[in-house]
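Structure first, then comments.
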Amino acid sequence: MPQRIVVVGGGAGGIGAAGAAKGTDPKAEVIVFTEYQDAAYSPCGIPYVHGGEIPDFERLFLGTKQQYADQGIDIRYETRVSAYDTAAKTVTVAGQPLPYDRLVVASGWNYGKPEVPGADLTGIYYMKNIREAMERDKTLDSVKSAVVLEAGPLGLEMVTALCHRGIETHLVDPSPWALSMATDPDIVKPVEDSWIEMGAKLHFNTKLEAILGDADGAVRAVQTSDGEITCQLLVIATHKEPNTELGAAAGLAVGSAGGFIVDETMATSAKDVWAAGDCIEVPHGVSNVPIQGLSGSHAYSQGKVAGVNAAGGRRTYQPVYVPWGLVAGKWMIGGVSFSETLATALGIPFVMGVAQGISRARYYPDMQPVKVKLLAEPGTLRLIGAQMVGGEGIKERADFLAMAVRTGITLRDLATMENVYSPPIGALNEPIALAAQDALSRLGS
Amino acid sequence: MAFTRWVRSVSEKQLLTAAHTDMAKRYGVAPPPRPAGIDIFWQKVYAPIYHRLPWTFRAKMMTLMPGSHRQQWTPRPPSGGPAV
């Protein structure tokens, strides 16, 4: 009798798990439940369709529904799982228990809903579901003014996208600078300056107090601690809350970061139940503190690990070092592990080096500035974090520096690193090396 | 919300706010608003005491909280240096 593997959630984690489970045990019956009309698309691409960089939403789908059916993955769309029973090994669907042999929970996340009056008005956009995004996009040309609430990664991308659409865009954030949980004010300043050049209005240290509606129950303005801002669209880009309600009710252990507790195989506290994606927490490789709410690539990798193990194979995941990067305003911004702000918040001791370099030979057309900031452990000088902003080359440096942190590379290694010098693609002096040399110079080394 | 989740959530927010104040001074940007109400305790008492404790003690307290970090995570073998 083939085993039945049930996957709850059709996002990156769930689809990664389903595909990996089927690949590990081709005879297995793999059923994916998603409450949405679609599965297996890239929500990360949505801001770029809104901004006009990507011409249509269809490109965001990883595969067609028929392709998944042809692979033997049974995706049940618009079908909500309302409960898990890990003792009886069933999930409840439409009021009926469905038995499983192995369960993978990839229930994802929800936005933190603003707890202010007016939160139920129309015109409030929680950007996540592609069908809603398609409908919203049709109305964007009639929006004169929009507010983006909070400058997290999605918020940064939506401010940029809405500016590209010619919409008067207001960013409202209770923190003192954009992406302040992950980056430093000197790193994000070029982004903020470029938003202002693009016509955006930035309201930092500003709290949302109420959402105001018109006679038809649609958003017409937001009331903030900095006054009233007229808008026809409010984009919610608040922090991601892990969706753990059903699992917790079924007894799955939840950790201090709010996600399901898992081990290196993505196994939860319940027998024959694995979990992956934004609903779990994983340890940070430097601090060993569990964290939650990473990227789509993390969710997909975790899903594959969960799927392989659920199907009877063996694969393990690793603590994370979190390389990240995005385009915001006219710049690319990125980093790894700790920013100076976060290290200061946690009280982690560090030494630092900063350098302003360039991305290509100084004389080559389209040469871009690249600023790199490195943080390292005092004494050993092992890298613990990095922050960068520039016109190009940020993603590659973030990936490289994540491996540097993971493998214990030191400032001395980076200060003497070899680098590609080719006028169209690399400068004589690599900005990472310059930043490491700056750090050693500050130490008198 | 479980107690440890609450402690971590509040602690993170308040320590980040304290760091924002430090960083704002360091980089010449507008700092967060002055604390009010219960935030005065967190900013004026909790955050300074937190930072006076040794890092090793704070790290130990963080690892005692329930979480995935306390499960099995097999370290990778150390690098053997460049291949021949």
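Labels below follow one simple rule: chain letters A, B, ... track the order of the sequence lines, proteins then strands, and each chain is numbered from 1.
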Between chain A and each of B:Pro78, B:Ala19, B:Pro75, B:Ala24, count heavy-atom pairs under 4.5 Å; write down the option with the most. B:Ala19

Choice from B:Arg58, B:Arg76, B:Met62 maximising heavy atom contacts with chain A below 4.5 Å: B:Arg76

Which heavy-atom pair separates [X] from [Y] by the least distance, and what is that distance?
{"X": "A:Ile261", "Y": "B:Ser68", "result": "CA-OG, 3.3 Å"}
{"X": "B:Met23", "Y": "A:Pro185", "result": "CE-CD, 3.7 Å"}
{"X": "A:Asp263", "Y": "B:Gln72", "result": "CB-O, 3.8 Å"}

Do side-chain atoms of A:Glu264 reach the backbone of B:Thr74 as a donor and acceptor pair under 3.5 angstrom? yes

Would the distance check show the side chain of B:His20 and the main-chain N or O of A:Ser180 forming a donor-acceptor pair, the cut-off being under 3.5 Å? yes

With a 4.5 angstrom heavy-atom cut-off, could you sort out which part of [X] is near chain A: side chain, backbone, both or neither?
{"X": "B:Thr17", "value": "neither"}
{"X": "B:Arg70", "value": "neither"}
{"X": "B:Trp73", "value": "both"}

By residue number, those in residues 37-51 of chain B with heavy atoms under 4.5 Å from heavy atoms of chain A are B:Tyr50, B:His51

Does anything in residues 27-34 of chain B get under 4.5 Å of chain A by heavy atoms, and if so which residues? B:Tyr27, B:Val29, B:Ala30, B:Pro31, B:Pro32, B:Pro33

Is the shortest heavy-atom distance from the side chain of A:Glu340 to the side chain of B:Arg26 under 4.5 Å? yes

Stepwise side-chain contact (heavy atoms from CB on, under 4.5 Å) check, A:Met181 with B:Glu12: CA-CA 10 Å; A:Met181 79 296 289; B:Glu12 269 180 4; over 6 Å; no

Taking every heavy-atom pair that is under 4.5 Å apart, which of A:Arg406, A:His284, A:Lys189 has the most such pairs with chain B? A:Arg406

Using heavy-atom distances under 4.5 Å, tell me whether A:Tyr317 contacts chain B through its side chain, its backbone, both, or neither. both

Part of A:Thr341 within contact of chain B (heavy atom distance under 4.5 Å): both

Contacts of residues 343-356 of chain A with chain B (heavy atom under 4.5 Å): A:Thr344, A:Ala345, A:Leu346, A:Gly347, A:Ile348, A:Pro349, A:Phe350, A:Met352

Listed by number, the residues in residues 275-283 of chain A that come under 4.5 Å of chain B (heavy atom to heavy atom) are A:Glu281, A:Val282, A:Pro283

At what distance, to the nearest 0.5 angstrom, does CZ of B:Arg8 lie from OG of A:Ser256? 4.5 Å

